[in-house]
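Quick notes on the structure that follows.
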Amino acid sequence: MLKHASYKNDPDWVWWKHGVIYHIYPRSFSDSDGDGIGDLRGILGRLDYLISLGIDAIWLSPVYTSPNFDFGYDVSDYRGINPEYGTMEDLRDLLTACHAAGIRLIMDMILNHTSSQHPWFLESRSSRDNPRRDWYIWKDGRKGRAPNNWKSTMGGSAWEFDPVTGQYYMHSFFREQPDLNWRNQEMAEALFREMKFWLDLGVDGFRLDAINLIVKDKKFRNNPLLWGIPFFQKHLYVRNRPKSIKIAGKLRELIDRYPGRVAIGEVFVLPPGEPSNAARYLGEGENGIHLAFDFSLIFSRWSARAYYRAISDWYFRIPGQGWPCTVLSNHDLFRHTNRFPFSRRIEEKSRVAAFLLLTIRGTPFIYYGDEIGMRNARLERDQIRDPLGKKYWPLFKGRDKARTPMQWTSEENAGFTPGIPWLPVNRDHDERNVKSQDKDPGSLLNVYRSLIRLRQRYPALARGRWLPLLNGREGIIAFIRGRGEESLLVILNFSGRSRVAKLQEHIHGSVLLSTHRREGDTVYMQDMKIHPFEATVYLTNWD
Ligand code: GLC
């Protein structure tokens with residue numbers, strides 16, 4: 001049974017809407033056995049830290065049995081645990097300990113493809129009349145060439161010729177990740193059974209990997225080219241097909257048989273992100289998946305105007321009964337701290353970003369280490385482990401820079417492992433680490449903790465209305481979060497210059513949390529001077 005903190009006893013509190021979700025890349029969080037690779041016991045050993053942060057749920061990137069070509073996103077057994085991460089017993093222990101602490105556990109679920117080592121694929125490729133042949137997408141070539149022009153997300157054709165049976169199979173990602181055929185009912189049922197297995201075990205839901213890719217065009221039509229160049233194409237016939245959206249509804253039906261569980265969709269798009277795509281997976285709100293990532297903020301440049309536009313666009317597309325969520329960093333698209341080249345004043349921006357993430361409307365996702373301001377690391381060629389980085393170096397150095405080990409202490413290997421870490425620890429760990437920030441009341445870590453506590457104390461922040469007051473045009477975003485009598489004003493200055501926040505009317509406010517003002521100070525404001533990179537939350541008399 002989950003232990004309830006007082007705010008969770010409120011009957012209107014819905015954990016996946018109002019709580020905070022923490023994304024762990026298990027390989028890099030904490031290593032308990034010294035092999036240099038993070039593991040489940042490592043996470044268990046850090047539970048006190050997660051409790052002190054105040055998060056409500058963990059999302060674990062995949063820990064299933066996998067040849068690790070794409071570090072777990074190539075599953076060879078959905079019911080097994082990769083021995084590098086531990087055993088099924090460790091997973092059960094982690095689940096029990098999380099639940100005892102009132103923390104939910106969300107697994108990653110990869111429905112678009114398996115590993116090429118999965119027994120289903122081994123059977124499927126073994127002969128054209130194998131009963132599992134149709135579980136994957138096989139096609140004849142066209143005059144010795146691939147069946148059509150579809151491109152893999154990882155570059156090159158999405159088709160791989162398999163000499164065993166003389167046909168091509170399709171892969172949206174690496175060729176080691178053959179795509180499953182969602183038009184085959186038996187296959188779909190088998191995957192639903194794999195999900196049921198985990199739901200029966202008690203996990204609290206799934207993050208659905210690349211959910212918008214699962215169904216492809218029945219007629220295998222060529223994708224239109226962008227700018228007439230074969231290298232660039234609009235993935236019209238392989239993404240966001242109506243049937244993928246329909247299957248999202250079926251997933252919801254399955255999950256809803258288990259009260260309190262959740263499905264969160266990764267709606268994979270490259271820039272420019274189109275929020276309406278993500279929103280479509282929410283259905284009317286109750287017949288689609290519960291949450292879907294929109295990556296617009298990740299692709300926005302740091303400016304109040306750009307952020308405001310991305311946020312309001314996203315809200316505008318959320319169906320009536322639906323709920324938004326917010327993500328600034330992840331294991332693919334890098335950390336928001338220094339995502340853009342030539343970033344300056346990162347410390348200050350990270351604080352404004354933390355205030356934004358934890359005060360706007362929608363479920364916040366924190367990527368491990370963002371709460372201490374971890375940066376994208378600079379890695380040398382021989383340190384790269386991501387196959388994407390190996391393939392495209394030096395044009396693209398891969399995704400490892402956002403996957404370096406969690407920085408716990410200033411000691412060697414940042415307290416992540418007593419062994420040799422699988423990826424180097426970022427050099428800045430001697431100054432940027434949990435231990436040094438833990439006791440420093442002004443640290444970023446304590447800003448995150450305070451913001452999370454504020455959400456717990458003031459339900460308006462976690463679930464109230466969102467009423468924009470300033471739309472970023474003057475470098476400032478300001479909005480009210482209100483619920484019943486409670487009304488909080490948030491002012492965020494994205495710029496390194498002092499600004500004046502011109503509010504429409506006088507507001508009386510007392511500071512609840514601020515990067516610059518003293519908590520408890522009261523102000524009567526209309527034209528209010530805002531410090532460079534100031535972020536402040538006020539309790540107000542607004543009604
Ligand atoms: C998702 C994952 C990414 C993985 C890909 C293929 O986008 O987040 O890490 O490489 O799917 O599974």
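Every number for a ligand or one of its atoms is a count from 1 in the order of the listing. On a predicted model such as this, the values are computed, not experimentally measured, just so you know. Values below: every heavy atom of this structure, side chains too, minus hydrogens, waters and symmetry copies.
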Do [X] and [Y] have ring centres separated by under 6.0 Å?
{"X": "F174", "Y": "F69", "result": "yes"}
{"X": "Y367", "Y": "H336", "result": "no"}
{"X": "F206", "Y": "W198", "result": "no"}

Point to revise | Every residue of the protein that comes under 4.0 Å of ligand 1, judged on heavy atoms | key: D70, Y73, H113, M154, F173, Q177, R207, D209, E266, F268, H331, D332, R399, R403
**Study point:** Expected output: side-chain S124 to main-chain F121 donor-acceptor under 3.5 Å
**Key:**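 Answer holds: no.
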Check your understanding: Centre of W422's six-membered ring, under 6.0 Å away, within 45 degrees of the axis: is that where NZ or CZ of R385 sits?
Key ->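 So R385 doesn't make the cation-pi contact.
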**Study point:** R399 and D70 ion-paired at < 4.0 Å
**Key:** yes
